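What follows is a short report on a single structure.
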Amino acid sequence: MADGRGRKLRAGAPYTDQSSMPAPPKFIVDAMLGSTARKLRILGFDTLYFKDGGDADLEAIGRTERRIILTSDKSLFAHSLRVGNRAILVGGSSDRTRLLSILGQAGPEMVQRSGRLESRCAVCNGELEVLKRSSAAKEKIPPKVLARHRLFFRCTWCSKMYWRGGHWERIRRLSSSLWTKALT
Ligand SMILES: [Zn+2]
């Protein structure tokens with residue numbers, strides 16, 4: 001399925017023109033939420049994982065880079081708001097419920113973008129470039145995986161390779177279900 005300009009439409013979400021949308025939110029995530037940070041990156045959100053340094057540094061980066069602070073720590077959340085950060089107190093005990101908690105509080109710009117962004121590197125937050133199989137064959141990829149997929153993705157920062165395997169697809173599917181749930 002494609003629109004008049006040849007762009008592919010993603011099934012399961014109504015099409016809207018992305019160029020008229022506000023920029024997707026960016027996040028800085030405290031040390032307790034590493035697994036959630038990795039999933040946000042796979043969903044395509046620019047997400048810094050802050051695990052070394054104090055709360056003041058985290059808040060300063062959040063303000064300078066206009067990143068929403070994600071934390072489960074009530075005192076850090078309250079302090080962040082007092083010093084002028086945008087922050088979300090993340091509830092939930094699984095990544096699914098945490099992502100729902102974030103989606104519910106991040107505002108329409110996140111809900112609109114959820115499920116429509118290109119994935120980023122789960123390890124370092126770098127952007128991914130697409131590689132065809134012939135180029136990917138020069139990388140360290142198990143032969144069976146190479147034979148099974150046509151497209152591969154390489155992090156432009158740390159060079160980690162990705163392909164659309166079960167883990168990736170599960171997380172992208174999770175995104176679609178969260179997106180639907182957030183709107184109902
Ligand atoms: Zn990377």
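We count residues from 1, following the sequence as given. Everything numeric here is computed off the predicted structure, so don't read it as measured data. Ligands are counted one by one from 1 in listed order, and the atoms in each one are counted from 1 as well.
In terms of the ring pair (Phe, Tyr, Trp, His ring centres under 6.0 Å) criterion, residue partners of F153 (sequence neighbours excluded) are, by chain and number, W168. The side chain to side chain donor-acceptor pair (under 3.5 Å) test applied to S134 returns no partner, not counting sequence neighbours. For T97, the side chain to side chain donor-acceptor pair (under 3.5 Å) criterion is met by S94, not counting sequence neighbours.
Protein-derived N/O/S atoms nearer than 2.8 Å to the Zn ion (ligand 1) total 4, waters excluded.
Residues D73 and D30 meet the side-chain proximity criterion, which asks for heavy atoms closer than 4.5 Å.
Ion pairing of R154 with E139 is present here, as a side-chain N (NZ or NE/NH1/NH2) and a carboxylate O approach within less than 4.0 Å.
Atoms CE and CD1, from M110 and I88 in turn, are 7.5 Å apart once rounded to the nearest 0.5 Å.
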